[in-house]
Amino acid sequence: MDSYISISIIRMEKSYDSNLHEKDIYRLWEESGFFNPDNLPNQSGVPYTIIMPPPNVTGVLHVGHALFITIQDILIRFNRMQGKRTLWLPGTDHAAIATQSKVEKILDKEEGKRKQDLGREAFLKRVHDFAQASHDTIVNQLKFMGASCDWSREAYTLDEKRNVAVRTAFKRMYDMGLIYRGNRVINWDVKGQTTISDDEIVYVERPAKMYTFRYSKDFPIAISTTRPETKVGDTAVAVHPEDKRYTQYVGKEYALEFCGVPLTIKIIADESVEKEFGTGALGVTPAHSTIDAEIAERHKLPTKQVIDERGRIIVGGENILNKKTTEAREIIVEWLKQMGLLEKGEDIQQNVATAERTGGIIEPLPKLQWFIDVNKEFELEKDKSGLLPFGTTTTNLKQLMDLAVKPGLIEIIPEHFSKTYFHWVHNLRDWCISRQIWYGHRIPVWYKGDALYCNVTPPQDEGWEQDPDTLDTWFSSGLWSFSTLGWPDESASDFLTYHPTDVLETGHDILFFWVARMILMTTCLTGQIPFKKVFLHGMVRDANRQKMSKSKGNIIDPLEVGKTYGTDALRFALVFNTAPGTDMALAEDKIKGMKHFANKLWNIARFILSNNTNEIDITTKPESLTNEDSAILQSLQETITSTTNHIEAFRLHEAAQSIYQFTWHTFADIYIEASKAQLQDETQKENTQKILIYCLSTILKLLHPFMPFITETIYQQLPFPSKQKTLMIEKWPL
RNA sequence: GCGCGCUUAGCUCAGCUGGUUAGAGCACCUCGUUUACACCGAGGGGGUCGAGGGUUCGAAUCCUUCAGCGCGCACCA
């Protein structure tokens with residue numbers, strides 16, 4: 001019986017206990033240096049790059065982060081084992097508005113102070129400290145999840161190198177005429193006291209009242225609105241050109257007094273007006289509606305701002321002056337009633353624009369801001385990726401974004417998301433990039449009187465003042481694929497070696513925010529595509545398909561379940577039975593089931609290693625196979641092929657399924673059971689031992705990208721004298 | 001209004017270019033402690049693949065209509 005007991009088994013507990021191994025294993029990997037592609041044995045290998053979507057430094061990682069870490073780590077480990085020079089570059093995102101408002105909240109709650117009480121510099125120090133602490137937590141969590149990223153290249157969207165990239169990008173695009181400063185109607189977040197982009201708006205359905213009235217008794221047309229208070233800023237009434245009810249009035253101008261405010265209203269005809277809506281006549285408020293501003297531009301109408309940044313009325317007599325919009329509304333409605341001008345007040349459902357971050361109402365108002373012009377024609381100097389049709393060099397940003405996504409350039413997976421992408425691109429308007437917040441990249445523009453100076457470095461002479469605004473966080477995120485690789489130094493070896501990157505893996509919810517902006521910035525500034533594939537994952541929901549949120553109490557904390565069931569079990573549960581791009585339901589039971597699988601593997605290894613397989617010469621092939629031997633070897637070969645094909649086609653769920661089924665229900669259930677008899681037969685014993693150990697080591701390799709910790713732990717127990725220092729760089733089986 | 005997606009076993013979902021009796025995990029039922037594992041093994045029940053129509057030798061898979069659910073974008077005067 002002695003022969004069944006070996007040294008190996010003594011070092012393997014009866015049931016796999018992840019907490020005994022994971023930390024040591026991660027340290028082993030880090031010390032090996034192989035996270036850094038410069039240290040990989042095969043320096044002539046083809047590069048393979050993923051730049052990590054930087055998590056916001058606003059808190060701790062949630063299970064959604066756990067999902068992206070898992071998916072990217074699988075792709076990275078798979079490609080590394082295939083001998084590629086594999087780089088997974090990690091980083092974190094300063095997330096300007098999100099981080100600043102988080103610190104503002106803490107400041108208010110804990111000290112009852114506002115940021116102005118501290119001043120710009122002291123406040124920024126607070127934000128910086130918060131971001132640093134948050135960053136450290138995130139890094140530890142990434143390591144906990146087993147992320148095999150190259151920490152020596154770690155980047156932060158607001159560090160010095162990225163700042164140089166941002167200033168350079170701004171300067172170049174300014175010189176190309178793609179960045180301009182203009183007074184336009186923007187989305188003003190009254191609560192957050194900043195502009196935001198169109199994509200940061202969330203529409204919330206609310207009940208509202210739609211009023212139908214005339215400006216004055218003499219005015220011939222009634223109009224409808226939910227916002228009577230803005231009507232003090234009207235400069236026209238627009239009707240449809242073919243609306244016979246009103247043709248007689250078109251072109252006429254009326255001077256009148258509306259609630260104490262003198263107005264000059266011109267009646268115009270514009271195609272954009274719907275005859276059927278309301279009275280078929282639209283009161284045009286050029287200063288406080290994007291649509292109206294466009295009409296005003298077409299008809300050369302004057303713009304009159306009547307609401308300011310505090311969301312208060314700035315015209316009129318004491319009755320409305322300085323009042324909040326909602327208060328002014330009531331006053332004006334009351335006035336309309338008294339004057340007998342109000343014809344109707346109906347209850348309707350209305351979509352109100354709110355700011356994604358603060359939840360505050362968006363007040364459209366005119367403001368001098370910085371924009372990226374998406375329609376302006378320019379010369380694309382170096383078209384390295386072959387974006388433009390042969391022979392052409394002029395383009396615009398919208399067209400570039402359109403051209404970049406197609407077979408041979410950028411491929412979006414799942415494919416149907418490319419439709420969503422094109423739809424967004426085609427409807428894109430100029431992107432407002434300046435923000436009135438303190439935390440972020442300061443706009444590299446200085447003013448002295450009427451003079452404006454834009455450059456990467458400040459002007460040398462006295463008296464210049466820098467623009468107080470910062471840039472939209474997505475401006476710097478848009479540079480992420482190349483600002484992390486040494487750009488603006490285009491001869492930097494990382495940039496030359498690893499760009500364009502291979503895969504961008506991220507959630508489909510930030511397709512516009514981020515993916516599209518990266519394509520815009522990268523094609524424009526480098527003439528290259530940023531990545532070859534965009535691999536989108538879905539949202540992680542709870543077992544009942546509900547969104548996870550603190551208030552619902554249904555949050556699964558990756559660290560907590562990782563400690564209970566093992567990180568490998570969590571990782572496997574996240575990809576098992578989950579198709580790309582679709583939302584997934586994650587129940588704790590599922591993770592538990594995957595823990596059982598890990599334990600199964602553990603015991604398979606214990607069984608094999610306790611059968612003296614450490615004395616077996618695995619360099620020679622087994623001979624005279626039994627039926628069971630042939631069957632398992634063939635099945636293993638099929639598993640290798642299908643797993644490889646599935647991963648290459650981004651079907652990680654199928655790959656996981658394939659390994660799971662083979663390991664448990666073919667290898668363990670059938671072959672190991674058969675081997676028990678074969679091991680008793682002296683003529684078959686050695687062959688069987690060889691096959692067992694061969695299958696085990698192959699399973700470890702196939703499974704390693706998915707379950708790196710347990711596979712490495714077992715690998716370290718294998719008897720091969722010729723094995724690699726870590727399983728991480730073993731050769732992927734063929 | 002425009003667009004996208006989903007509807008397959010009790011639950012959560014796979015099913016890649018149409019091809020043998022439609023799969024997995026969990027749950028359920030029966031039996032079982034044997035060189036690893038009860039976090040296990042052997043066996044089992046359970047689906048007219050949302051509904052109708054069509055293409056095809058053959059459809060969960062392709063086309064079409066409809067219904068329900070979810071999401072995105074736009075409008076919202």
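Numbers restart at 1 for each chain; the letters A, B, ... are given by sequence-line order, proteins then strands.
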Need one value for T226(A): base, sugar-phosphate or nothing, where a base atom within 4.0 Å counts as base even if backbone is also close, heavy atoms only. sugar-phosphate

Whole angstrom value for the distance that separates C1' of rC76(B) from CG of D347(A): 16 Å

Protein-nucleotide distance (F277(A), atom CZ; rC76(B), atom C1'), rounded to Å: 5 Å

Would you say S197(A) and E200(A) are linked by a side-chain donor-acceptor pair, where the criterion is simply a distance under 3.5 Å? yes

Contact under 4.0 Å: S15(A) side-chain N or O vs rC40(B) OP1/OP2: no

Let's see if you can work this out: which of rC39(B), rC75(B), rC73(B) has an atom nearest to the side-chain heavy atoms of E274(A)? rC75(B)

Could you walk me through whether Y671(A) and D629(A) satisfy the side-chain contact (heavy atoms from CB on, under 4.5 Å) test, starting with their C-alpha distance in whole Å, then the side-chain angles of each, then the deciding distance to 0.1 Å, before giving a yes or no? CA-CA 8 Å; Y671(A) 189 74; D629(A) 294 341; 2.6 Å; yes

Using the side-chain heavy atoms of Y203(A), tell me which of these nucleotides is nearest: rA36(B), rG25(B), rA74(B). rA74(B)

Which of the following nucleotides, rU35(B), rG25(B), rA36(B), is nearest to the side chain of I604(A)? rA36(B)

Gap in Å between the two C1' atoms, one belonging to rC28(B) and one to rC16(B), rounded: 32 Å

Report which part of the nucleic acid F576(A) touches: base, sugar-phosphate, or nothing (heavy-atom distance under 4.0 Å, all strands). sugar-phosphate

Taking a pair as Watson-Crick or G-U wobble with both distances under 3.5 Å, which nucleotide is matched to rC28(B)? rG44(B)

Atom C1', compared across rG18(B) and rC57(B): separation rounded to whole Å: 13 Å

So what does D292(A) hit on the nucleic acid, given a heavy-atom distance under 4.0 Å: a base, only sugar-phosphate, or nothing? nothing

Rounded to whole Å, CZ of R651(A) lies from C1' of rA14(B) at a distance of 12 Å

Paired with rG70(B): which nucleotide, if any, by Watson-Crick or G-U wobble criteria at under 3.5 Å for both distances? rC4(B)

Side-chain N or O of W664(A) closer than 4.0 Å to phosphate OP1/OP2 of rG41(B): yes

Between rG3(B) and rG10(B), how far apart are the P atoms? Round to whole Å, please. 35 Å

Out of rC75(B), rA14(B), rU35(B), minimum distance to the side chain of I291(A) belongs to rC75(B)

Spacing of L511(A) atom CG relative to rC73(B) atom P, expressed in whole Å: 11 Å

For rC75(B), what is the paired nucleotide under Watson-Crick or G-U wobble rules, both distances under 3.5 Å? none

Pairwise C1' distance, rC49(B) and rG43(B) [rounded to whole Å]: 27 Å

Across every strand shown, the nucleotide meeting Watson-Crick or G-U wobble geometry with rC49(B) (both distances under 3.5 Å) is none

Measuring from the side chain of A585(A) (C-beta onward, heavy atoms only), which nucleotide among rG25(B), rA14(B), rU12(B) has the closest atom? rU12(B)

Going by modelled atom types, is there a donor-acceptor pair between the base of rA36(B) and the side chain of K676(A) at under 3.5 Å? yes

Looking at the base of rA36(B), is there any donor atom on it, or on the side chain of E673(A), that sits under 3.5 Å from an acceptor on the other one? yes

Look at the aromatic rings of F258(A) and Y215(A) and report parallel, tilted or perpendicular, splitting at 30° and 60°. perpendicular

For a quick check of understanding: with a heavy-atom distance under 4.0 Å over all strands, which category does Q661(A) fall into, base, sugar-phosphate or nothing? sugar-phosphate

In whole angstrom, give the distance that lies between atom CD of Q680(A) and atom C1' of rU34(B). 12 Å

Could you give the distance separating rU48(B) and rG44(B) at their C1' atoms, to the nearest angstrom? 22 Å

Below the 4.0 Å mark, does rG41(B) have OP1 or OP2 next to a side-chain nitrogen or oxygen of K600(A)? yes

Please measure how far the C1' atom in rC75(B) lies from the corresponding atom in rG5(B), and state the result in whole Å. 23 Å

Test side-chain hydrogen bond (donor to acceptor under 3.5 Å, both in side chains) on E274(A) and H240(A); report intermediate values, then the result. CA-CA 7 Å; E274(A) 276 181 49; H240(A) 195 273; over 6 Å; no

Has K676(A) got its NZ or CZ under 6.0 Å from the middle of the six-membered ring of F607(A), at an angle within 45 degrees of the ring axis? yes

Mind checking V273(A) for me? I need base, sugar-phosphate or nothing, with any heavy atom below 4.0 Å counting as a touch. base

Compare the minimum distances between each of rU35(B), rC37(B), rC39(B) and the side chain of H596(A), then state the nucleotide with the smallest one. rC39(B)

Rounded to the nearest 0.5 Å, what's the gap from CE on M707(A) to CD1 on I714(A)? Could you check? 10.0 Å

Among rC4(B), rC75(B), rC39(B), which is the nearest nucleotide to the side chain of N599(A)? rC39(B)

What orientation do F417(A) and H508(A) show, parallel under 30°, tilted 30 to 60°, or perpendicular over 60°? parallel

For E22(A) and T567(A), does a side-chain donor sit closer than 3.5 Å to a side-chain acceptor? yes

Tell me whether the centres of the aromatic rings in W602(A) and H21(A) are closer together than 6.0 Å. yes

What's the closest nucleotide to the side chain of N577(A) if the choices are rC37(B), rC13(B), rU35(B)? rC13(B)

Please give the distance between the C1' atoms of rU17(B) and rU64(B) as a whole number of Å. 22 Å

Closest to side chain of Q657(A), choosing from rA24(B), rC39(B), rG72(B): rA24(B)

Is T285(A) touching bases, backbone alone, or none of the nucleic acid, heavy atoms closer than 4.0 Å? nothing

Distance alone, cut at 3.5 Å: any donor-acceptor contact between the side chains of S675(A) and T688(A)? no

Rounded to whole Å, NZ of K592(A) lies from P of rC11(B) at a distance of 20 Å

Whole-Å distance separating the CG atom of D589(A) from the C1' atom of rG25(B): 10 Å

By nearest-heavy-atom nucleotide on RNA chain B, the more 5' of M584(A) and K14(A) is M584(A)

Taking a pair as Watson-Crick or G-U wobble with both distances under 3.5 Å, which nucleotide is matched to rA36(B)? none

Looking only at side-chain atoms of A579(A), point me to the closest of rG25(B), rA14(B), rC39(B). rA14(B)

What nucleic acid atoms does H288(A) come within less than 4.0 Å of, heavy atoms only: base, sugar-phosphate, or nothing? nothing

Who is the Watson-Crick or G-U wobble partner of rC13(B), with both distances under 3.5 Å? rG23(B)

Nearest-nucleotide check on RNA chain B, F597(A) vs H653(A); residue mapping nearer the 5' end is H653(A)

Protein-nucleotide distance (F512(A), atom CZ; rG3(B), atom C1'), rounded to Å: 11 Å

Say you pick atom C1' in rG25(B) and the same atom in rA67(B); how far apart are they, in whole Å? 31 Å

If the cut-off is 4.0 Å, is H423(A) near the phosphate of rC71(B), judged by side-chain N/O to OP1 or OP2? no

